[in-house]
Amino acid sequence: MSRTKFIFVTGGVSSSLGKGITASALGKLLQARGFKVALQKLDPYINVNSGMLNPYEQGECFVTEDGYEADMDLGHYERFLGIRTNRNCNVTTGRIYQSVIQKERRGDFLGKTVQVVPHITDEIKRCIKQMANGDCDFVITEIGGTVGDIESHPFIESVRQLRWNMPDDCLCIHLTYVPYLAASKELKTKPTQHSVKTLLEAGVQPDVLVLRTEHKLGKELKRKVALFCNVNESSVIEAIDLPSVYDAPLKLHEEGLDLVVLKKFGFSSFHEPDLDDWRKFTNKLKRASNVVRIGLVGKYVESPDAYKSIGEALVHAATCNDCRLELSLFQADQMNEENVARKLQGLDAILLAPGFGQRGEEGKVVAAKYARLKNIPFLGIGLGMQCAVVEFARNVVGFFDAESKEMNPDTEHPIFDLMVDEKSNLETEGTMRLGAYDCQLKAGSLAQRMYGTDVVRERHRHRYEFNNKYKEMFEKAGMSFTGINPQSGLVEIVELPHLRWYVGTQFHPEFNSTVLTPHPLFMGFVKAALESRDDN
């Protein structure tokens, strides 16, 4: 290919239709044909990034290797394509305006009046174009929100300008919803027609329509949509509800989405997609009859997307261990010494989720104690790891008031603290440790056996670190510190070697798990859960 092609994925009718999955699935199909693909999410909200957003509103905050706090759709991109995203892959309205205002303050605009057009739209176009990097065949840019939303207008206008300036290198895929009215037993296309009309009013003609539906769409309906929305009938793609999001690339390939895209860009010859490994994974996912029962104890379990990457990492590992995941979610602030046994009994393994703040902390401490005493396979991530260490400090080491300074600034035994001096050896944003850092694994440790290597690189998002002043006391009591940052000496992994499988990580291994390369810690965790159940 001589020039990068730009594909824009917009949405109409309703939010949460699956633009991220559609973009990821198309990217996977193009990648499987041998093309180099980059994905990007443009978010209309004014927050500069996702770092301060409540998980109940936006789902999990996904952290890139370069330390950017991003939208959760970047997790889909990485899991589907096995790529590594960065801060350029997620751009918000707040970040666009922040950049333009900084330029205005420096005098870059030479005193001109700064306006949405051209200054804001030029900045948006710059962010889109920089994804190409000169060696990318396709850039797929997902535009968040719904067409017609007032905050989305600058992004749609930027798409219009790019299509006008580069008509042969741009393509728009519009995702809409076709509702089914049970009373009349009919599928209705009018919402799709109105959504396309709204997009046309903004000056953008969609090239491809992807129709989300719970029911099979007939040829007549597709023909009707094509006629009223000014697209070819072959460019109307059905996206019916599927058992798993990982079926999406295969289904969209059956519908011909990747073929339509390539033909619209003028390609006449290309490789057929190599989806053999992907099909093997989805077939194993469907066929698995053995069940592994894992309990997740967290602060935000009411939100289905708050722990999205953890859930998907468990699915990857369970599938590759030839079993089906049965994940039970437990609200941490509703767990105590009186009900923990009743709530967690019958589980094959327990996972303590990450988070911030005091709510639910004591419930996590109780769950960690239950897993330790019952010798149930255990994985603690982030704050989950910290709660497990606090539990060990209180009930084994003997520091009954042990706590993290995040929860109690006045504790006499700050097991976790802001280790500013040690963090000065690392690149950080304020007091937060963000992004990927090296971790030296202890020879012969469980972690070293799981990874099969001596040094790994994992992603972080936290402020408080294990206080190394207590390290010797913990080691004497039986806790092993098996992962250490080689530059700073900060603790990354803890283990209880006398137990079946008990691991805590300060980092977030879930961010590095993909469909075709499940994370080794999750693989070991699920395997230990299966073995523990079989032994009992």
Side-chain angles (χ1 to χ4, degrees), residues 79 244 281 284-298 301 307-330 332 335 340-354 363-382 384-385 387-388 391-392 445-452 458 480 482-483 493-505 507-515 517-536:
R79 287 189 287 272
S244 165
F281 175 86
K284 289 179 77 171
L285 182 61
K286 294 169 187 172
R287 289 198 311 264
S289 57
N290 196 11
V291 176
V292 61
R293 298 175 178 84
I294 296 178
L296 183 150
V297 182
V301 297
Y307 305 110
K308 189 65 176 178
S309 291
I310 291 176
E312 296 307 311
L314 289 170
V315 169
H316 304 159
T319 302
C320 291
N321 274 290
D322 293 312
C323 63
R324 177 170 55 86
L325 173 68
E326 187 177 290
L327 184 63
S328 300
L329 305 178
F330 299 94
M335 189 164 292
V340 62
R342 174 173 53 82
K343 285 180 177 287
L344 300 183
Q345 67 180 352
L347 295 173
D348 302 320
I350 295 170
L351 188 151
L352 287 196
K364 289 183 178 180
V365 169
V366 167
K369 179 182 177 182
Y370 179 82
R372 178 176 62 82
L373 294 179
K374 296 292 184 179
N375 197 10
I376 299 171
F378 172 87
L379 176 60
I381 299 174
M385 168 267 209
C387 289
E391 186 279 320
F392 189 84
S445 65
L446 178 61
Q448 198 263 349
R449 296 199 304 273
M450 294 295 100
Y451 279 105
E458 296 281 5
S480 183
T482 61
I493 306 175
V494 300
E495 297 179 19
L496 293 181
H498 64 283
L499 297 181
R500 183 189 298 274
W501 207 98
Y502 196 101
V503 176
T505 68
F507 52 76
H508 292 258
E510 68 272 19
F511 293 147
N512 277 333
S513 185
T514 73
V515 172
T517 56
H519 195 281
L521 286 183
F522 281 91
M523 286 287 288
F525 179 54
V526 170
K527 184 179 179 182
L530 292 169
E531 292 173 347
S532 173
R533 183 195 59 198
D534 293 342
D535 290 347
N536 294 330

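When side chains are defined from C-beta on, Ser532 does not count as touching Asp348, because their heavy atoms never get closer than 4.5 Å. Within the 4.5 Å cutoff, the side chain of Leu499 has heavy atoms near those of the Arg372 side chain. Side chains of Phe522 and Leu351 form a contact here, defined as non-hydrogen atoms less than 4.5 Å apart.
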Check the pair Tyr502, Leu446 against side chain to side chain contact (heavy atoms under 4.5 Å, CB included), reporting the backbone distance first and the verdict last. CA-CA 9 Å; Tyr502 196 101; Leu446 178 61; over 6 Å; no
Fill in: Test side chain to side chain contact (heavy atoms under 4.5 Å, CB included) applied to Leu496 and Phe392, step by step
CA-CA 10 Å; Leu496 293 181; Phe392 189 84; 3.6 Å; yes
| request: Decide yes or no on side chain to side chain contact (heavy atoms under 4.5 Å, CB included) for Glu458 and Ile493, but give the supporting numbers first. | output: CA-CA 11 Å; Glu458 296 281 5; Ile493 306 175; over 6 Å; no
Start with the C-alpha gap between Met335 and Tyr370, add the side-chain angles, then the distance that decides, and say whether side chain to side chain contact (heavy atoms under 4.5 Å, CB included) holds. CA-CA 11 Å; Met335 189 164 292; Tyr370 179 82; over 6 Å; no
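Here the side chain of Glu312 pairs no donor or acceptor atom with the backbone of Arg79 at under 3.5 angstrom. Asn375 contributes a side-chain N or O that, together with a main-chain N or O of Arg500, makes up a donor-acceptor pair within less than 3.5 Å.
The structure places CG of Leu314 at 6.0 Å from CG of Leu327, a figure rounded to the nearest 0.5 Å. Distance check, rounded to the nearest 0.5 Å: OG of Ser244 to NZ of Lys286 gives 8.0 Å. Separation of atoms OG (Ser445) and CD (Glu495) is listed at 5.0 Å; rounding is to 0.5 Å. Distance OG1/Thr505 to CD/Glu510: 7.5 Å, rounded to 0.5 Å. His316 contributes atom NE2, which lies 9.5 Å from atom CG of Leu285 (distance to the nearest 0.5 angstrom). Here the CE atom belonging to Met385 is positioned 13.0 Å from the NZ atom belonging to Lys364, to the nearest 0.5 angstrom.
Taking both residues in full, the closest heavy atoms of Ile350 and Ala371 are given as CD1-CB, 3.9 Å, listed atom of the first, atom of the second, then distance. Of all heavy-atom pairs spanning Pro354 and Gly382, the tightest one is CB-CA, 4.3 Å. Closest non-hydrogen pair, Val301 versus Phe330, comes out as CG1-O, 3.6 Å. Contact detail for Ala353 and Leu296: the closest heavy-atom pair is CB-CD2, 4.0 Å. Taking every heavy atom of both residues into account, Val292 and Ala529 meet most closely at CG2-CB, 3.7 Å. Annotation for Ile294 and Leu347: closest pair C-CD2, 4.0 Å, computed over non-hydrogen atoms.
Remark: Lys527 NZ is loosely packed, at most 12 non-hydrogen atoms of other residues, nucleotides or ligands lying under 6.0 Å away.
With sequence neighbours excluded, the residues satisfying ring pair (Phe, Tyr, Trp, His ring centres under 6.0 Å) with Phe281 are Tyr246.
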Extract all donor-acceptor atom pairs below 3.5 Å that involve side chains of residues 317-325 and protein atoms in other chains or at least two apart in sequence.
from   : atom 1 : to     : atom 2 : distance (Å)
Thr319 : OG1    : Val315 : O      : 2.8
Asn321 : ND2    : Ala317 : O      : 2.9
Asn321 : ND2    : Met523 : O      : 3.4
Asp322 : OD1    : Lys284 : NZ     : 3.4

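Here the rule is ring-ring contact (aromatic ring centres under 6.0 Å, His included) with His519, and of Phe525, Phe511, Tyr451, Phe507 only Tyr451 fits it.
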